[in-house]
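Read the structure below first, then the notes.
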Amino acid sequence: MPEIHFNKEKGSQLKLFTPGPVYVPKRILDEMAKPNDTHRSNPYREMHQLVEEGLKKLLYTSNECFIFASSATGIMEACVRNLLKNDEKGLFLTIGAFGDRWHQIGLTNGKNAIKEGVEWGNAIKPHFVKNLLEEDHYDVVFIQANETSTGVYNPLDEIIPIIKNHDTLVCVDATSSMAGVKVEVDKLGIDVCLASVQKCLTIPPGLAVCSVSQAALDKSKEVKNRGYYFDFLEVLKKNKIHETPNTPPIPQIRALAIQLDYILNKEGLENRFERHSKLGNFTRKWAAHQGFKMFSEQGYESNTVSTITNNLEVDISKMVSTLMERGYKIANGYGDLKNKTFRIGHMGEITLKDLSEMLQVLGDIISEMK
C-alpha cells in the first residue's frame, strides 16, 4: 500500500492515519528521488554511518545498529535464528496478533517456542513475567513493546529488569513505537530492539533496523544454522565498514539519514515523544466524547496507535470507506478484531492539528450514520 493515495473523484491526496505505512511528507520523498551511488561507494558508506550513529542516539545505546532490507518481520525471524539453539527454550510473550506471529516464526524455524500471553487488550504485567521465569528457565524472551493490533503498550521499564535478573536475553519488537515512544536500550539491557521504518520513523516501506548487544552477538557465535540473509555475524562484518552484505534500498536509507537528523536536531527527541503522547491522549478523549470505549486496558494505551472498541455497533467498513471519500484513511480491526474494533494511527509526522481535522470529519460521519 503506498503512503499517499490519489483520490480521483476528489482530485486530492488521501492522507493516512493508519497504523502503518504512514503519511510521508514531501521533504522525505524528495530526498528519495535523488540519484543513487552504489552500495559499495564512499558516499553510501558515509550515509550508512550517519544512520548507525543516529539510531544509537535514538535508542540511547552504544550497541551495534544494523540495517536490513526487509520489514520488521525479517528481524523477528533473525532473532529466532541467531539467538535460540535447537535444544534451548524461547519464551514468546504475546498480547496480540504480532506477538502470536513471533511465536509462529519460532515454531516454523523448528525451535522450542513457548507462548504465554494474556487476553487481547491487556498488557503483560511484571508479576506475570516473574512467575513464568521462576517456574522454568528460558534462554531468550521475545516481547512486543507496542502491539499494533490491540493498541496496547507493554510496561517495558517494569518487565525488562525482571527478565534480565534471570540471566536471559531479551528481544523487543518496537515496530510501531520506535521514534514515537522513548526506549532506553542500554539502561534496560535490551539485547535486540527492532523496528521497520514505515511507522514512527516515517519512511516508505522496505527497510528495518535494530540494535544488537554484544551478549547477543556472542550468543550468535554459538548458534548453528543461522541462515544466510539475516545472519547477525555476516551483517556485523559489513557493518564494521558501514555497508550491508546485500544490496539495500538506498533511497530509503538516504531518507532515514535525513529523518534521523530531523528527529534528533530539529524536532528533538523529548519533543517528539511528548507530541506522540499528546496525540494519544487527544484520540482517547475524542473516542470517549463519541461514546466509544478503548479496546486497550486503561493505563496501558498506546500513544502511536489507538484501537477503539465498536461498542456503538457502527458499520466500520462503511465508516472507513466514507472517510476515504473525504480524504482520510484509518483502519479496520486486525484479524479476529475486524469490525469489532477500528484503529487510528497517530504517529510519525502527524500533528495535533492534522489529527484534530481528521477526527472532526470522522465524528461528522459517525453522526450521519447513527
Side-chain angles (χ1 to χ4, degrees), residues 20 39-40 44-45 48 51-52 55-56 59 61 63-92 94 98-113 139-145 148 168-176 178 185 190-199 201 203-250 252-253 256:
H39 61 296
R40 301 291 183 234
Y44 172 79
R45 294 184 193 100
H48 187 114
V51 170
E52 290 177 63
L55 289 171
K56 288 180 180 183
L59 296 174
T61 185
N63 290 341
E64 292 279 347
C65 287
F66 292 162
I67 302 171
F68 290 90
S70 75
S71 68
T73 304
I75 307 184
M76 292 166 73
E77 183 154 6
C79 291
V80 169
R81 293 294 298 265
N82 282 269
L83 301 180
L84 201 55
K85 299 177 184 177
N86 288 338
D87 61 347
E88 293 181 336
K89 195 181 296 184
L91 175 61
F92 294 78
T94 177
F98 293 96
D100 287 356
R101 175 185 290 187
W102 215 345
H103 174 248
Q104 189 63 27
I105 290 170
L107 294 177
T108 55
N109 277 278
K111 306 297 183 180
N112 188 0
D139 298 277
V140 188
V141 175
F142 306 84
I143 187 171
Q144 265 64 37
T148 314
T168 301
L169 294 178
V170 60
C171 300
V172 172
D173 170 16
T175 297
S176 55
M178 185 184 291
V185 166
I190 297 171
D191 292 289
V192 179
C193 187
L194 67 95
S196 46
V197 300
Q198 75 274 12
K199 297 182 186 283
L201 283 164
I203 309 296
L207 198 65
V209 297
C210 67
S211 62
V212 185
S213 72
Q214 187 59 50
L217 292 170
D218 290 343
K219 176 65 180 295
S220 65
K221 297 174 185 177
E222 305 172 6
V223 179
K224 297 179 180 179
N225 302 317
R226 296 185 299 272
Y228 181 85
Y229 194 72
F230 294 109
D231 184 344
F232 280 170
L233 299 183
E234 290 302 312
V235 177
L236 177 64
K237 288 179 186 177
K238 287 296 186 181
N239 209 52
K240 291 294 186 183
I241 58 172
H242 313 301
E243 293 184 6
T244 56
N246 306 290
T247 309
I250 297 173
Q252 272 89 344
I253 294 173
L256 183 55

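As the structure is a prediction and not an experimental result, all values here were calculated from the model.
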Legend entry - Nearest-0.5 Å distance, OG of residue S70 to CG of residue L194: 9.5 Å

Legend entry - Distance, nearest 0.5 Å, that separates CD1 of I190 from OG1 of T61: 9.0 Å

Inset, instruction - Indicate the ring-plane relationship of H39 and Y44, choosing parallel, tilted or perpendicular according to the 30° and 60° boundaries. - result: perpendicular

Legend entry - Nearest atoms (heavy-atom pairs only) where A69 meets P249: CB-CD, 3.6 Å

Inset, instruction - Give a yes or no on whether a salt bridge exists between E234 and K237, defined as a side-chain N under 4.0 angstrom from a carboxylate O. - result: yes

Legend entry - Mutual orientation of the aromatic rings belonging to F92 and H103 [parallel < 30°, tilted 30-60°, perpendicular > 60°]: perpendicular

Legend entry - Within-4.5 Å side-chain heavy-atom neighbours: L83 and V223: no

Inset, instruction - Kindly give the heavy-atom pair with the smallest separation between M76 and F98, and that separation in Å. - result: CE-O, 3.7 Å

Legend entry - Rounded distance (nearest 0.5 Å) linking atom CG of D218 with atom CZ of F232: 13.0 Å

Inset, instruction - Report yes if some heavy atom in the side chain of T94 is under 4.5 Å from a heavy atom in the side chain of F142; otherwise report no. - result: no

Inset, instruction - Can you measure from CG (N225) to NZ (K85) and round to the nearest 0.5 angstrom? - result: 13.0 Å

Inset, instruction - Taking R45 for its side chain and E243 for its backbone only, find out whether a donor-acceptor pair lies under 3.5 Å. - result: no

Legend entry - C65 backbone acceptor or donor facing N239 side chain under 3.5 Å: yes

Legend entry - Reported CE-to-SG distance for the pair M178 and C210, which is rounded to 0.5 angstrom: 8.0 Å

Legend entry - Exam field: side chain Q214 to backbone N63, donor-acceptor pair closer than 3.5 Å: no

Inset, instruction - Locate the shortest heavy-atom distance separating V197 from P204; write the atom from each residue and the value. - result: CG2-O, 3.6 Å

Inset, instruction - Indicate yes or no: does K111 engage E88 in a salt bridge with an N to O separation below 4.0 Å. - result: no

Legend entry - Gap between atom OG1 of T247 and atom CZ of R40 - 0.5 Å precision: 7.0 Å

Legend entry - Donor-acceptor contact present, side-chain D139 to main-chain K89, <3.5 Å: yes

Legend entry - Nearest non-hydrogen partners of A195 and A72, listed with the distance: C-CB, 4.0 Å

Legend entry - Any donor-acceptor pair under 3.5 Å from Y229 side chain to F68 backbone: no

Inset, instruction - Examine distances only and state if a side-chain atom of N109 and a backbone atom of I105 form a donor-acceptor pair shorter than 3.5 Å. - result: yes

Legend entry - Side-chain heavy atoms of C171 within contact of V140, under 4.5 Å: yes

Inset, instruction - Return yes if some donor-acceptor pair links the side-chain N/O of S196 with the main-chain N/O of T175 below 3.5 Å, else return no. - result: no

Inset, instruction - Please check if the side chain of D191 supplies one atom and the backbone of A215 the other of a donor-acceptor pair under 3.5 Å. - result: no

Legend entry - Verdict with reasoning, V80 to W102, per side-chain contact (heavy atoms from CB on, under 4.5 Å): CA-CA 9 Å; V80 169; W102 215 345; 4.0 Å; yes

Legend entry - Side chain to side chain, L256 and V209, heavy atoms closer than 4.5 Å: yes

Inset, instruction - Would you please test T244 and V235 for side-chain contact (heavy atoms from CB on, under 4.5 Å) and show each step? - result: CA-CA 6 Å; T244 56; V235 177; over 6 Å; no

Inset, instruction - Please report the closest heavy-atom contact between F230 and G74, naming both atoms and the distance. - result: CZ-CA, 3.7 Å

